[in-house]
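First up is the structure itself, then whatever we jot down about it.
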There are 2 protein chains.
Amino acid sequence: MSSAKKGDLVFKALADRRRREILDLLKDEPKTTGDICAKFKKLDRCTVMQHVGVLERAGLIFSKKVGRFRWNYLNAVPIREIYDRWINKYASPSVEILTKLKHDLEK
Amino acid sequence: MSSAKKGDLVFKALADRRRREILDLLKDEPKTTGDICAKFKKLDRCTVMQHVGVLERAGLIFSKKVGRFRWNYLNAVPIREIYDRWINKYASPSVEILTKLKHDLEK
DNA sequence: AGTATATGTTATAGTTTTATAACATGTCAA
DNA sequence: TTGACATGTTATAAAACTATAACATATACT
């Protein structure tokens with residue numbers, strides 16, 4: 001798969017609120033697939049699993065099987081890449097905005 | 001609009017590749033709406049404008065009208081918020097992954 | 001005023017995504 | 001091995017999103 005396609009998967013994966021909530025659950029510690037399903041009582045178990053699949057294909061989750069359980073881990077690397085794409089490392093966002101405004105007004 | 005809803009708009013806006021390309025165009029300097037349309041020759045002008053509208057409603061773009069021209073600026077603040085949501089400030093992502101693996105293996 | 005330029009709005013067909021149901025595999029413990 | 005548990009796969013209806021066309025407004029210049 002090309003790098004561009006992989007990036008698409010990351011953003012598509014983050015586009016759904018339930019999937020972002022799953023990543024929130026995994027932020028501090030891994031969870032089993034069953035743990036995740038239990039947190040979404042209003043949602044069908046199959047639906048949750050499909051969301052987990054989308055996140056895994058995007059590389060935002062990686063997993064490790066132990067006996068009957070599948071432990072899911074957050075991989076935050078793609079999220080750092082989003083940050084690096086648009087944030088100037090040598091200026092805070094607010095400074096950046098003001099700089100651009102100034103640049104325009106001087107025209 | 002609630003904060004949660006606003007966040008939804010940001011992620012939905014980032015979900016489309018054309019919209020991400022528009023943000024890339026604005027990273028270093030503002031562009032007029034016409035400038036942006038000119039960069040997407042294969043896409044209808046109306047389509048580009050709708051994308052710009054989605055980005056603006058999400059707060060990823062803000063604009064300033066000067067005469068007949070509308071200057072569009074990138075606002076990277078929501079992107080920093082994405083970063084802050086999942087990245088632990090006191091550990092690099094790779095360190096974080098290893099820490100979680102270790103935590104699991106010790107069970 | 002009249003014309004060209006630059007931008008904005010609304011409706012809709014085509015495409016993609018989400019939630020669910022039905023079905024299926026692999027593991028543990030008595 | 002039998003039953004219960006935990007997870008995984010495939011198909012489909014409903015919902016959401018994208019691209020386009022048709023229509024509309026605002027500004028600058030002669």
Side-chain angles (χ1 to χ4, degrees), chain A residues 1 4-23 25-26 29-58 60-73 104 107, chain B residues 1 4-26 29-73 104 107:
Chain A
M1 182 182 295
K5 291 279 182 187
K6 183 77 181 294
D8 284 354
L9 291 179
V10 170
F11 289 102
K12 289 287 181 193
L14 290 173
D16 187 87
R17 178 197 285 233
R18 314 307 179 111
R19 287 195 290 263
R20 294 194 297 276
E21 288 172 6
I22 290 172
L23 295 183
L25 282 179
L26 303 183
E29 54 184 14
K31 295 276 194 304
T32 68
T33 304
D35 289 340
I36 297 170
C37 291
K39 290 281 183 177
F40 293 90
K41 295 186 176 176
K42 290 179 183 174
L43 223 55
D44 196 272
R45 183 186 62 85
C46 305
T47 305
V48 175
M49 292 213 48
Q50 278 193 132
H51 283 316
V52 170
V54 171
L55 289 166
E56 184 162 37
R57 260 169 271 133
L60 285 161
I61 279 182
F62 65 99
S63 64
K64 183 171 168 306
K65 204 166 185 195
V66 180
R68 273 183 298 182
F69 301 94
R70 189 181 105 148
W71 289 91
N72 301 280
Y73 298 77
D104 182 39
K107 284 185 180 172
Chain B
M1 182 180 298
K5 291 280 182 187
K6 183 78 181 295
D8 284 355
L9 290 179
V10 170
F11 289 104
K12 289 287 181 191
L14 289 174
D16 188 88
R17 179 197 284 233
R18 313 304 177 109
R19 288 196 287 264
R20 295 194 297 276
E21 287 172 6
I22 291 172
L23 295 183
D24 289 337
L25 283 178
L26 303 182
E29 55 185 12
K31 295 274 195 305
T32 69
T33 304
D35 289 339
I36 297 170
C37 291
K39 290 280 184 178
F40 293 89
K41 296 186 176 177
K42 289 180 182 174
L43 223 54
D44 195 89
R45 183 187 61 86
C46 305
T47 305
V48 174
M49 292 213 44
Q50 279 195 131
H51 283 315
V52 170
V54 171
L55 288 166
E56 185 162 37
R57 261 169 271 133
L60 285 161
I61 279 182
F62 65 99
S63 63
K64 185 171 168 305
K65 206 168 184 192
V66 181
R68 272 182 301 184
F69 300 94
R70 187 180 107 148
W71 289 90
N72 301 280
Y73 298 76
D104 182 39
K107 283 183 182 176

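Quick caveat: nothing in here was measured; it's all calculated off a predicted structure. Letters go in sequence order (proteins before strands), and every chain restarts at 1.
Straight-line distance from the CH2 atom of Trp71(B) to the P atom of dG8(C): 14 Å, rounded to whole Å. Atom-to-atom, CG of Leu55(A) to P of dG8(D) comes out at 13 Å; the value is rounded to the nearest Å. Taking atom CZ on Arg17(A) and atom P on dC17(D), their separation rounds to 13 Å, with Å as the unit. Atoms CE (Met49(B)) and P (dT18(D)) sit 16 Å apart, rounded to a whole Å. Following rounding to the nearest Å, Arg70(B) (CZ) and dT9(C) (P) show an atom-to-atom distance of 9 Å. Atom pair Phe69(B):CZ and dT7(C):P shows a separation of 6 Å (rounding to whole Å applied). The distance from atom NZ of Lys64(B) to atom C1' of dT7(C) is 16 Å, rounded to the nearest whole Å.
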Check nucleotides 18-24 of chain C for protein N or O atoms closer than 3.5 Å to its own N or O atoms and list the pairs.
unit_1, atom_1, unit_2, atom_2, d
dT18(C), OP1, Arg19(A), NH2, 2.9
dT18(C), OP2, Arg19(A), NH1, 3.3
dA19(C), OP2, His51(A), NE2, 2.5
dA19(C), N7, Gln50(A), NE2, 3.2
dT20(C), OP2, Asp44(A), N, 3.1
dT20(C), O4, Gln50(A), NE2, 3.0
dA21(C), OP2, Asp44(A), OD2, 3.2

Distances under 3.5 Å between protein N/O atoms and the N/O atoms of nucleotides 28-30 of chain D, please, pair by pair.
unit_1, atom_1, unit_2, atom_2, d
dA28(D), O4', Arg68(B), NE, 3.4

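The side-chain heavy atoms of Met49(B) and Thr33(B), taken from C-beta on, include a pair separated by under 4.5 Å. For the pair Ile22(A)/Leu55(A), a side-chain contact is recorded, criterion being any heavy-atom separation below 4.5 Å from C-beta on. Inter-residue side-chain proximity for Asp35(A) and Leu25(A) is flagged as unmet; no heavy-atom pair is nearer than 4.5 Å.
Residues passing the salt bridge (Lys or Arg N to Asp or Glu O under 4.0 Å) test with Arg70(A) are Glu56(A), sequence neighbours excluded. For the salt bridge (Lys or Arg N to Asp or Glu O under 4.0 Å) test, no residue two or more places apart in sequence or in another chain qualifies with Glu21(A). Take Phe69(B) and apply the side-chain contact (heavy atoms from CB on, under 4.5 Å) test, not counting sequence neighbours, and it matches Thr32(B), Trp71(B).
Closest approach of Leu60(A) and Leu23(A) over heavy atoms only: O-CD2, 4.0 Å. Contact detail for Ala58(B) and Val10(B): the closest heavy-atom pair is O-CG2, 3.3 Å.
Formation of a donor-acceptor pair under 3.5 Å by the Arg20(A) side chain with backbone atoms of Ala15(A) is found in this model. A distance-only check finds no donor-acceptor pair linking the side chain of Asn72(A) to the backbone of Ser63(A) [under 3.5 Å]. A donor-acceptor pair under 3.5 Å is absent between the side-chain atoms of Arg57(B) and the main chain of Ala13(B), judged by distance alone.
At least one side-chain nitrogen or oxygen of Thr33(A) sits closer than 4.0 Å to the OP1 or OP2 atom of dG8(D).
For the helix from dA1(C)-dT30(D) to dA30(C)-dT1(D), the angle separating the two terminal helix axes comes to 30°, with each axis derived from five pairs and the value rounded to 10°.
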